[in-house]
Amino acid sequence: MDRVAIVGASMTQFGDRDAWVRELLAEAGDAALDDAGVPGGDVDHLYVSNMASGEFEGQTGVPNALAHDLDALPAYTQRVDQTSASGGAGVYAAWQSVASGASDLTLLVGGEKMTHRTTGEATDVIASLTHPVEYKHGVTLPSFAGLTARKYLEAYDAPRESLGRVAVKNHRNGVDNPHAQFRKEVDLETVLESPVVADPLRLYDFCPITDGSAALVFCPESVADSYTDDYVVVSGVGGATDTHVVHEREDPTTMGGVVESSRDAYEMADRDPGDVDVAELHDMFTILEFLQSEDLGFFEKGEGWKAVEDGVTDRDGDLPINTSGGLKSKGHPLGASGVAQVYEIYQQLLGDAGARQVDASVGLACNVGGFGNCVTTTILEQP
């Protein structure tokens, strides 16, 4: 099986955008095709990662409309919905389409339009992914995050300040990301004194509601150099599902989907956690950066918070995490987030990350749906 390469990528400005999801998708898709130097008509498969265009703006049939907008007819189109892991699932689907030989050129575009809805409305749409029994009792993802953060802090004797330092770090990284929604540093005192949302988590422990899109162009590695000299290789990818009902898990501070998906990705890539130079993790809540960094094997269980305290995950640390600013600063347009994570790793491996640039030849992206209900982990390398 030929390995799969990414030969083009793009990301729109994230934030409050005066555009509907179809426009956002077209903006990113067109830019990615331009980056790869290919016309839309060369695309065999077009995947659209999107969680809730119907719920957010009453728009369905987005993939076929996008094929028209990008002049990509008669490409096969498909929408990929895996809640907030839709972007990662789209990466997996696009990789499969090329790796299987079904497509010689695949375009993946992920996007979401959310900011026109109130916070309550957006939260309710997102909360619909929880189990009906939990949803009936008013359980939302922020409440899961608060309960899990409390358990983690108590179980591993971690100070509340350690969570705040995740927010401080990621906002600092976001300053240098021209596409980020928030490009402003925050200090620890501001984070710790912000309003309580789900104790012990406060406002700055949560990512924002966001509009935006990102796109990637995939082809067999054997022909990648016919498109460009600057490409990266998807060396490993894995996906997994954890229990739908969160309280059925033996340990809520362990995300089984992260453990299993990363195990598959490491095996495919013939890599281990120590080989990873830079990572993009799904920090929808600050506590998730701790949980994922441990379940990916970067740190021992209960040691992730110490790595943040010691500066290991800083941009100049031994393992930079969320150089893009993460979901926390960059923003979280649901269907776009997993695609944008890979975009950041792509930029880092090509040496095109500007002020965010770190020394990296192997990168990892972990995209989480719900509260670890579904996960995709992707490993990318320089060719």
Side-chain angles (χ1 to χ4, degrees), residues 14-16 51-52 55-56 83-85 112 114-131 134-156 158-174 180-211 246-247 252-253 255 281-293 304-305 308 322 325-334 337 368-373:
F14 278 15
D16 186 350
M51 174 179 167
E55 293 85 344
F56 278 121
T83 67
S84 46
E112 211 81 45
M114 305 169 66
T115 61
H116 62 295
R117 304 296 290 269
T118 66
T119 299
E121 289 170 341
T123 300
D124 195 51
V125 169
I126 298 168
S128 67
L129 63 86
T130 61
H131 191 280
E134 295 168 326
Y135 182 73
K136 180 175 67 175
H137 291 286
V139 175
T140 63
L141 295 184
S143 63
F144 278 137
L147 292 167
T148 305
R150 180 182 292 279
K151 180 174 178 61
Y152 182 95
L153 295 180
E154 292 177 355
Y156 300 111
R160 172 62 185 86
E161 290 79 4
S162 62
L163 288 169
R165 287 191 171 88
V166 173
V168 171
K169 169 181 69 72
N170 292 350
H171 271 272
R172 183 169 61 243
N173 289 341
Q181 182 168 358
F182 296 138
R183 300 186 64 191
K184 181 179 179 180
E185 290 195 43
V186 295
D187 58 33
L188 186 61
E189 182 180 6
T190 299
V191 174
L192 297 178
E193 292 184 356
S194 61
V196 173
V197 175
D199 189 62
L201 301 181
R202 294 172 177 263
L203 180 64
Y204 277 95
D205 289 293
F206 294 84
C207 68
I209 294 169
T210 313
D211 307 330
V246 175
H247 71 252
T253 68
M255 307 186 85
L281 307 188
H282 191 100
D283 61 325
M284 181 165 55
F285 321 112
T286 52
I287 183 62
L288 291 188
E289 189 167 314
F290 290 170
L291 305 190
Q292 288 165 64
S293 66
W305 69 269
V308 173
N322 287 330
L327 279 57
K328 178 69 196 71
S329 172
K330 179 178 58 184
H332 183 25
L334 302 166
S337 291
V368 173
F371 204 74
N373 302 60

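Quantities reported herein were computed from a predicted structural model and do not represent experimental measurements. Numbering starts at 1 and runs along the sequence shown.
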By salt bridge (charged side-chain N to carboxylate O under 4.0 Å, His left out), which residues pair with [X], not counting sequence neighbours?
X	result
E289	K169
D16	none
K330	E280
E193	none

Note to self: So, using ring pair (Phe, Tyr, Trp, His ring centres under 6.0 Å) as the criterion, who are the partners of F290 when residues are at least two apart?
What the structure shows: Y152
Can you list everything that forms a side-chain contact (heavy atoms from CB on, under 4.5 Å) with [X]? Sequence neighbours excluded, please.
X	answer
D124	Y135
T83	M51, L129, C374
S84	H282, H332, L334
S194	R202, L203, Y204

Note to self: Restricting to side chain to side chain donor-acceptor pair (under 3.5 Å), what partner residues turn up for T190, sequence neighbours left out?
What the structure shows: D187
Checklist line | Partner residues of R183 under the side chain to side chain donor-acceptor pair (under 3.5 Å) criterion, sequence neighbours left out | finding: none
Notebook entry, point to check: Which residue pairs satisfy the salt bridge (Lys or Arg N to Asp or Glu O under 4.0 Å) criterion with at least one member in residues 138-147, sequence neighbours excluded?
Noted result: none
